[in-house]
Amino acid sequence: MIGVLALQGNFQSHLNILEKINLESLLVKKSEDLNRVSGLIIPGGESTTMSKLLVNSNLDKKVKEFSKKNPILGTCAGAIIMSKNSSDKRVLNLGLLDMDIDRNAYGRQVFSFSDQIKIIDGENKSNCEVLFIRAPKIINVGNNCDVFAFRNDEVVGVKQGKHFAITCHPELMGNTKIHEMCFKKNR
Ligand code: GLN
């Protein structure tokens, strides 16, 4: 069963994707919920608000502990929270991915857009249409991270160990590829 962090933001669409790939899901709202799942999605939303709620519910420490054994996928705000550094003191950086990320790097909500990205899954490459909504930009990828998604030459998805993060929203376009890579092939 895969947990979807449901403190704030756009968690519903991840439930639909998990259903599409036949994985059971559970909304994670408190730390005990994490005992019941073997993977976690940190969805898009507002990383500052989500950070506050994670700390207030003590889920921050529990997620960190959970990450030692189980895969975590972060989209957009989720990727910001998983990063090592997002240069905003209000944001909790779990440091699950050796990368620096810059919030709201494409500008305000009106500058949100859809685009094609390229996903690399081992030997296979595929294109997928995604949404960038007040998206962050990955500005530095450390040696411990591998890149698995590009928008032209720009890095938009990185993985480290079991964990995956992407700056856009594949789930809002119904794309299941990254969820499969993280929770089905990643065992
Ligand atoms: N701009 C948001 C933030 O900085 C992220 C937006 C999103 O998750 N779609 O947290």
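Indexing begins at 1, ligand by ligand and atom by atom, following the structure's order.
Here Arg134 has heavy atoms under 4.0 Å from ligand 1 in both its backbone and its side chain. The side chain of Ile80, and not its backbone, has at least one atom closer than 4.0 Å to an atom of ligand 1 (non-hydrogen atoms only; side chain from C-beta on).
Taking the six-membered ring where the residue is Trp, His14 and His179 present tilted rings, their angle falling between 30° and 60°.
Partner Glu65 forms a salt bridge (Lys or Arg N to Asp or Glu O under 4.0 Å) with one of Lys61, Lys62, Lys68 and no other, that one being Lys68.
Near Glu46, meaning under 4.0 Å from any of its heavy atoms, are these atoms of ligand 1: 3 (C), 10 (O).
When hydrogens are left out, the protein atom nearest atom 7 (C) of ligand 1 is Cys76 SG, 2.8 Å; that is the closest non-hydrogen contact. Remark: minimum distance from atom 8 (O) of ligand 1 to any protein heavy atom is reached at Gly45 N, 2.9 Å. Ranking protein heavy atoms by distance to atom 1 (N) of ligand 1, first place goes to Asn104 OD1, 2.5 Å.
A salt bridge is defined here as a Lys NZ or Arg NE, NH1 or NH2 lying under 4.0 Å from an Asp or Glu carboxylate O, and Glu154 with Arg151 meets this definition.
Between the side chain of Asp33 and the backbone N or O of Lys29 there is at least one donor-acceptor pair closer than 3.5 Å. In terms of modelled atom types and a separation under 3.5 Å, the side chain of Gln160 and the main chain of Asp98 share a donor-acceptor contact.
The residue among Pro43, Gly44, Ser47 with a heavy atom at the shortest distance from atom 10 (O) of ligand 1 is Ser47.
Heavy atoms of His169 approach ligand 1 to within less than 4.0 angstrom.
Where the criterion is an N or O separation shorter than 3.5 Å, residue side chain and backbone included, Thr48 fails it with respect to ligand 1. Polar contact check, Ile133 against ligand 1: a nitrogen or oxygen pair lies under 3.5 Å apart.
Asn10 CG to Glu46 CD: the interatomic distance, rounded to the nearest 0.5 Å, is 12.5 Å. Atom CD1 in Ile2 sits 14.5 Å away from atom CD in Glu19 (nearest 0.5 Å).
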